[in-house]
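Throughout, a chain's letter reflects where its sequence line sits, starting with A, and its residues are numbered from 1. All of these numbers come straight from a predicted model, not from anything done at the bench.
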Protein chains: 2
Amino acid sequence: MKKDRLNAEFCNCNVIHEDVVNRVSEKMPEEEKLYDLAELFKVFGDTTRIKIIYALFESEMCVCDIAALLGMTQSAISHQLRVLKSAGLVKYKREGKIVYYSLDDEHVKNIFDQGFVHINHKYMY
Amino acid sequence: MKKDRLNAEFCNCNVIHEDVVNRVSEKMPEEEKLYDLAELFKVFGDTTRIKIIYALFESEMCVCDIAALLGMTQSAISHQLRVLKSAGLVKYKREGKIVYYSLDDEHVKNIFDQGFVHINHKYMY
DNA sequence: AAAACACATGAATAATTGTTCATACGATAA
DNA sequence: TTATCGTATGAACAATTATTCATGTGTTTT
């Protein structure tokens with residue numbers, strides 16, 4: 001009975017298909033890339049941030065306008081804009097007292113469109 | 001000084017650009033769609049699940065093999081496969097004692113590819 | 001100068017969530 | 001049948017996180 005372990009890592013069960021595991025293991029992207037990808041999707045995994053991004057698809061907006069649009073406090077929006085900013089998804093420019101936020105990535109729309117394809121496909125059954 | 005509120009929702013700041021807010025408001029997708037989209041991305045927002053999906057890009061796999069590949073317990077993998085399954089992202093087939101999981105959505109790859117575009121673009125600066 | 005406004009931010013709280021542990025289920029083997 | 005194996009799952013725990021509240025910063029206005 002085989003008791004192989006891959007990468008000397010702890011695992012409480014046997015490897016059933018060693019060939020498959022080895023082949024897939026070689027094809028896996030770098031750990032760091034996968035981590036970064038998960039971090040990016042984590043940013044998209046919140047309704048408020050999704051709404052902010054959709055709003056910014058249409059127009060650059062200041063914090064107060066976004067807060068009014070979404071019916072949320074200025075503080076909550078500001079906190080979320082910070083998350084979006086550190087993820088490199090939005091940028092801002094200051095004009096007097098007002099700070100205008102806009103999208104800083106032209107690929108986000110594509111990601112969301114593909115996401116909708118999945119959602120809509122799911123509901124056809 | 002204007003004190004408008006949109007949609008009769010509470011918001012602790014003034015609407016500065018009423019025209020922009022109204023125009024963007026009309027263009028926003030349905031609340032439910034945005035919620036579903038966030039839920040989908042939430043599933044992608046975990047390194048373990050990202051790894052599982054990448055593994056399944058290459059080959060269908062049983063639970064033990066995935067656990068060995070990722071160096072994690074069978075229980076942890078099984079819990080995550082449950083999440084992926086209820087999101088409509090993976091399907092399974094049973095053969096005796098062994099359960100084989102495989103991808104159930106051909107669009108996921110596109111979403112991830114676009115995600116990588118963002119990540120790689122970000123690191124060029 | 002002080003007051004008002006737009007926005008940012010630290011701390012606290014509540015809610016969500018990933019993993020572990022123990023155990024149960026379903027199928028095969030002895 | 002009993003034992004074993006592959007998998008599923010509920011409960012518990014730790015860690016993360018979204019919002020609120022209070023307050024601070026920077027800019028304009030009076």
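- Here B:Phe44 and A:Phe44 keep their ring centres 6.0 angstrom or further from each other.
- Using a 4.0 Å cutoff on non-hydrogen atoms, no part of residues 51-61 of chain B comes near DNA chain C.
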For salt bridge (charged side-chain N to carboxylate O under 4.0 Å, His left out), just list the numbers for A:Glu39 and A:Lys42, CA-CA rounded to whole Å, side-chain angles, deciding distance to a tenth of an Å, and then say yes or no.
CA-CA 5 Å; A:Glu39 287 301 303; A:Lys42 208 172 287 184; 3.2 Å; yes
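- Nearest heavy-atom pair, B:Ile119 versus A:Asp36, reported as atom, atom and distance to 0.1 Å: CD1-C, 3.5 Å.
- The nearest whole Å value for the distance from the CZ atom in A:Arg82 to the C1' atom in C:dA6 is 17 Å.
- With sequence neighbours excluded, the residues forming a salt bridge (Lys or Arg N to Asp or Glu O under 4.0 Å) with A:Glu31 are B:Lys51, listed by chain and number.
- Taking atom CD1 of B:Ile50 as the reference point, atom C1' of C:dG18 lies 15 Å away to the nearest angstrom.
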N/O-N/O pairs, protein side and nucleotides 13-18 of chain D side, under 3.5 Å:
unit_1 : atom_1 : unit_2  : atom_2 : d
D:dA18 : OP1    : A:Arg49 : NH1    : 3.4
D:dA18 : OP1    : A:Arg49 : NH2    : 2.9
D:dA18 : OP2    : A:Arg49 : NH1    : 3.2

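- The closest side-chain heavy-atom distance from B:Val117 to B:Phe112 is not below 4.5 Å.
- Between B:Leu81 atom CG and D:dA8 atom P the separation is 7 Å, expressed in whole Å.
- Contact annotation: B:Tyr101 reaches the phosphate of D:dA8 (side-chain N/O to OP1 or OP2, under 4.0 Å).
- Taking the 5.5 Å centre cut-off and the 30° plane limit, the aromatic side chain of B:His79 is not classed as stacked on C:dT19.
- A:Asp104 places none of its side-chain heavy atoms less than 4.5 Å from the side chain of A:Leu89.
- Rounded to whole angstrom, the span from the OH atom of A:Tyr35 across to the C1' atom of C:dG18 amounts to 14 Å.
- To the nearest 0.5 Å, the span separating OH on A:Tyr54 from CG on B:Leu37 amounts to 5.5 Å.
- Between the P atom of C:dA6 and the CD1 atom of A:Ile66 lies a distance of 14 Å, rounded to the nearest Å.
- With a 4.5 Å cut-off on side-chain heavy atoms, A:Asp46 and A:Ile50 do not count as touching.
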Look for any protein N or O under 3.5 Å of an N or O in nucleotides 24-29 of chain C and output each such pair with its distance, or none.
none

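- When the C1' atom of D:dG26 is taken as reference, atom CD1 of A:Ile98 falls 14 Å away, rounded to whole Å.
- Remark: A:Tyr92 pairs with A:Tyr101 by the ring pair (Phe, Tyr, Trp, His ring centres under 6.0 Å) rule, at least two apart or across chains.
- Distance check, rounded to the nearest 0.5 Å: CZ of A:Arg23 to CD of A:Glu18 gives 13.0 Å.
- OP1 or OP2 of D:dT20 lies within a sub-4.0 Å distance of a side-chain N or O belonging to A:Thr73.
- In this structure, A:Asn14 reaches the D:dG6 phosphate: one of its side-chain N or O atoms is under 4.0 Å from OP1 or OP2.
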If you look only at distance, which donor and acceptor atoms sit under 3.5 Å apart when one is on a side chain in residues 56-63 of chain B and the other is two or more places apart or in another chain?
unit_1  : atom_1 : unit_2  : atom_2 : d
B:Glu60 : OE1    : B:Lys93 : NZ     : 3.2
B:Glu60 : OE2    : B:Lys93 : NZ     : 3.2

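- Between the C1' atom of D:dT27 and the CD1 atom of B:Ile16 lies a distance of 13 Å, rounded to the nearest Å.
- Residue side chain A:Gln74 reaches the base of C:dA8 through a donor-acceptor N/O pair under 3.5 Å, judged by distance alone.
- If you take CD1 of B:Ile77 and P of D:dT9, they are 15 Å apart, rounded to a whole angstrom.
- Aromatic rings of B:His17 and A:Tyr100 (six-membered ring for Trp) have centroids within the 6.0 Å cut-off, being under it.
- Taking 3.5 Å as the limit, the base of D:dT7 and the side chain of B:Ser75 contain no donor-acceptor pair of atoms between them.
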